[in-house]
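One structure below.
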Amino acid sequence: MSPARQWWLNGRMKIRVRFAPSPTGYLHIGGGRTALFNWLYARHTGGTFILRIEDTDAARNSQAAVDVILDGLRWLGLDWDEGPLTGDATGPSKGDRGPYFQSQRKENYQRRVEALLSRGLAYEHEGAIKFRMPREPVLIPDLVVGDVLRKLTDREEMDPDFVLVRSDGQPVFHFVNVVDDLEMGITHVIRGEDHLSNTSKHIALFKAFGVEPPKYAHIPLILNADGSKMSKRDRGASLSTYTDEGFLSEAVNNYLCLLGWSPKDNIEKMALADVVGRFDLPQILRHNAKFDFEKLVWLQGEYCRELAPDRFYELGVHALAKAGLDTNALPVAYVKSALDTCRGKIKTFAELPAYAGFYFRDAIAYDPEAAKKGFVPENKPRLEKVRDAFSQLAAFDAASLEGSLKAVAAELGVKVGVLIHPTRLACTGNPHGPSLYHLLEVLGKEKVLQRVEQALPLLG
RNA sequence: GACCCUAUGGUCUAGCGGUUAGGACACCUCCCUUUCACGGAGGUAGCCCGGGUUCGAUUCCCGGUAGGGUCGCCA
């Protein structure tokens, strides 16, 4: 092909990227970021984002395991233009370059193996089929890392050839991955840096098939806080950690964008739509990043604070239910106003049961530390005064409660805080929480008086 | 063992042949405040080491060290 023709094609050819996970039963957070970067690149360039399921190992794959991936990507909001619609390998899909499950593509692999065999580029050895790998170093042009000259390792010096098809007839990853990328017209391979060394194999295969390899972009890995590799068992390694703990996909996406990619100005908080406009391969960092859970929580807090009341309510109820606090029997208005007092206060919904459980439980568990300080004899007459003042109140709203409490404080000649702390403790059991006046209003006169009454004996 | 990648505060990062090395998270102090959170004002803390190139290296080159990855009939 002439350079001019190549140039023309490059200018026209629609970018096609793919995320090709193996269904292992969970979606690794690093895999999620790989999917995100591929998706961002496709959306940024107006290209096509493809989802392909690498389920060659039939024994350990199941539809449920595929669903974990599909659900994870959907939760993140990473929609694919081509790929499966369900976890069923033989089920419906969209796109005209399928099937999108490797288990359904066996003929392709067979045909490709035969092509290599017939041209002497592969050979049979002990029942397996091996590829004749070039003995020379392979140049790997990488859009992130730059040109990498991959030399042979000492073991490869002895035998650089590698298996394409196992003796049981099962083709191996390096082979199927390349065949699929080739046949699906993948133009850019954006994947973890753990694949960089093996890319020489892939490039050699593409060349054996007589085609130009796709462009490669190897992105840095996500490490644990201690710098070790983040693997399945590590905390936060699975995307389900975040879906289960009530994180917002906006926060997780935003945080993931910031790991290994930088907008190059000092902006940290960005909506995904904004990142689409700015994302490009050259800004991807070359070094690995440690996962900082605290920073994710900060972003989560940022997004949580600006959540629409309805969504906050929905997620809040869900988190409470998970903690065994069933709000179904309660009036919706009560639950809504209770949760409203928590907006802007919590960062993750996992905090909610501890933070606002007192609204939904009759038995109050007093914080031991706070009780030691607040439930003391000298507070008893004060709390009694508060009780008496509250019981006189005709309107039990935040403004009236505030006025009432301040009046009592003035009468007793103490700062209002002196009354606030024991009152809060009596009604919620916690030293911290939502605005006291507002939480009392939500709780209602009856419950408040009852709880104060109940706490009084504990003060001496 | 060999090969590959990487190296700015504790963490994520910006940056540069000459900067008081910038921002964010976390941490500390103070202010605001009914607690907490938010917000505001400050603060502690960083260019891995050694050579070279240069008038001058955090920045460029080489070496070392450290971390990560890969060398499978795993993906």
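The sequence lines fix the lettering, A, B, ..., with proteins before strands; numbering per chain opens at 1.
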Return no unless some side-chain N or O of A:S228 is found under 4.0 Å from OP1 or OP2 of B:G68.
-> no

A:R166 side chain near B:A75 phosphate (N/O to OP1/OP2, under 4.0 Å) | yes

Does any nucleotide pair with B:A21 by Watson-Crick or G-U wobble geometry, both distances under 3.5 Å, and what is it?
-> none

Expressed as a whole number of Å, how far does the P atom of B:A7 sit from that of B:A24?
-> 24 Å

Does OP1 or OP2 of B:C71 have a side-chain N or O of A:N198 closer than 4.0 Å?
-> yes

Would one find a side-chain N or O of A:K290 under 4.0 angstrom from OP1 or OP2 of B:U11?
-> yes

Nucleotide of B:A2, B:C5, B:C38 approaching A:E193 most closely (side-chain heavy atoms) = B:C5

How close or far is atom C1' of B:C25 from atom CG of A:L299, stated in whole angstroms?
-> 9 Å

Measure distances between side-chain N and O atoms of A:K295 and base N and O atoms of B:U13, and say whether any donor-acceptor pair falls under 3.5 Å.
-> no

Whole-angstrom distance between B:U58 and B:G52, as gauged at atom P | 13 Å

Rounded to whole angstrom, note down the P distance from B:C5 over to B:G63.
-> 12 Å

Distance between the P atoms of B:C62 and B:G46, in whole angstroms?
-> 29 Å

Proximal nucleotide (of B:C71, B:C36, B:C73) relative to the A:Y355 side chain | B:C36

Could A:K269 and A:Y303 be counted as a cation-pi pair, given that NZ or CZ must be under 6.0 Å from the ring centre and within 45° of the axis?
-> yes

Figure out the CH2/P separation between A:W298 and B:A24, and round it to whole Å.
-> 9 Å

State, without any angle test, whether A:R191 and A:H218 hold a side-chain donor-acceptor pair at a distance under 3.5 Å.
-> yes

Are the aromatic rings of A:H195 and A:F173 close, with centres under 6.0 Å apart?
-> yes

Using a 4.0 Å heavy-atom cut-off across all strands, classify A:H174 as base, sugar-phosphate, or nothing.
-> base

Separation of the C1' atoms in B:G39 and B:U6, to the nearest angstrom = 39 Å

Under 4.0 angstrom, heavy atoms only, what part of the nucleic acid is A:T423 near: base, sugar-phosphate, or nothing?
-> nothing

Rounded interatomic separation in angstrom, taking CG from A:D292 and C1' from B:C27 | 12 Å

Is it true that A:D159 and A:R135 have a side-chain N and a carboxylate O under 4.0 angstrom from each other?
-> no

G-U wobble or Watson-Crick pairing nucleotide for B:C3 (cut-off 3.5 Å, both distances) | B:G69

Taking the side chain from A:R311 and the backbone from A:P309, do they hold a donor-acceptor pair closer than 3.5 Å?
-> no

Considering only the C1' atoms, how many Å lie between B:U11 and B:G67, rounded to the nearest integer?
-> 15 Å

Counting only non-hydrogen atoms, which of residues 403-421 of chain A are less than 4.0 Å from RNA chain B?
-> A:I420, A:H421

Under 4.0 Å: is that the gap between some side-chain N or O of A:S167 and OP1 or OP2 of B:C73?
-> no

NA contact type, A:L164, heavy-atom cut-off 4.0 Å: base, sugar-phosphate, or nothing?
-> nothing

hbond_proxy A:S262 side chain to B:U13 base (donor-acceptor, 3.5 Å cutoff) | no

Residue pair A:K406, A:E402: steps toward the salt bridge (Lys or Arg N to Asp or Glu O under 4.0 Å) verdict = CA-CA 6 Å; A:K406 282 184 172 164; A:E402 179 169 2; 2.7 Å; yes

Looking at B:C12, B:A2, B:G23, which one has an atom nearest to any side-chain atom of A:L258?
-> B:C12

What's the CG-P distance between A:D367 and B:U35, to the nearest Å?
-> 17 Å

5′-ward residue of the pair A:L223/A:L285 relative to RNA chain B = A:L285

Carboxylate-amine/guanidinium proximity below 4.0 Å for A:D265 and A:R278 | yes

Do A:Y255 and A:F291 make the cut of ring centroids closer than 6.0 angstrom?
-> yes

CG of A:L221 versus P of B:C4: gap in Å, rounded?
-> 18 Å

Where the side chain of A:D234 meets the backbone of A:A237, is there a donor-acceptor pair that is under 3.5 Å apart?
-> no

Between A:K229 and B:G68, does any side-chain N or O lie under 4.0 Å from OP1 or OP2?
-> no

With a 4.0 Å cut-off on heavy atoms, is A:E402 in touch with a base, just the backbone sugar-phosphate, or nothing at all?
-> nothing

Write down the distance separating the C1' atoms in B:A14 and B:C55, rounded off to the nearest Å.
-> 28 Å

When only distance counts, do a donor and an acceptor, one from the side chain of A:H432 and one from the base of B:A37, lie under 3.5 Å apart?
-> no

Applying a 3.5 Å limit to both distances, which nucleotide forms a Watson-Crick or G-U wobble pair with B:C32?
-> none

Do A:K385 and A:E411 meet the salt-bridge criterion of a basic N to acidic O distance under 4.0 Å?
-> yes

Centroid-centroid under 6.0 Å between A:Y41 and A:F49 rings | no

According to the Watson-Crick and G-U wobble definitions, with both distances under 3.5 Å, which nucleotide is paired to B:G50?
-> B:C62

Value in whole Å for how far the C1' atom of B:G15 lies from NZ of A:K264 = 9 Å

Report which part of the nucleic acid A:R150 touches: base, sugar-phosphate, or nothing (heavy-atom distance under 4.0 Å, all strands).
-> sugar-phosphate

Phosphate OP1/OP2 of B:G72: any A:R155 side-chain N/O under 4.0 Å | yes

Would you find more than 12 non-hydrogen atoms of other residues, nucleotides or ligands less than 6.0 Å from A:E369 atom CD?
-> no

Separation of B:A14 P from A:R278 CZ (nearest whole Å) = 13 Å

Gap in Å between the two C1' atoms, one belonging to B:C25 and one to B:U59, rounded | 26 Å

Calculate the interatomic distance between A:E156 atom CD and B:A2 atom P; express it in whole Å.
-> 14 Å

Any A:K347 side-chain nitrogen or oxygen under 4.0 Å from OP1 or OP2 of B:A26 = yes

Touch check for A:G301, heavy atoms < 4.0 angstrom, all strands: base, sugar-phosphate only, or nothing?
-> nothing

If only side-chain N and O atoms of A:K269 are considered, is one of them under 4.0 Å from the OP1 or OP2 phosphate oxygen of B:A24?
-> no

Give one of base, sugar-phosphate or nothing for A:E294, where a contact means two heavy atoms less than 4.0 Å apart.
-> sugar-phosphate

Have a look at A:A289 and say if it touches a base, only the backbone sugar-phosphate, or nothing, with a 4.0 Å heavy-atom cut-off.
-> sugar-phosphate

Paired to B:A75 by Watson-Crick or G-U wobble criteria (both distances under 3.5 Å) is none

So what does A:Y255 hit on the nucleic acid, given a heavy-atom distance under 4.0 Å: a base, only sugar-phosphate, or nothing?
-> nothing

If you check the A:H287 side chain, which of B:U13, B:G23, B:G39 turns out closest?
-> B:U13

Report which part of the nucleic acid A:L436 touches: base, sugar-phosphate, or nothing (heavy-atom distance under 4.0 Å, all strands).
-> base

Would you indicate what A:P434 reaches in the nucleic acid, counting non-hydrogen atoms under 4.0 angstrom: base, sugar-phosphate, or nothing?
-> base

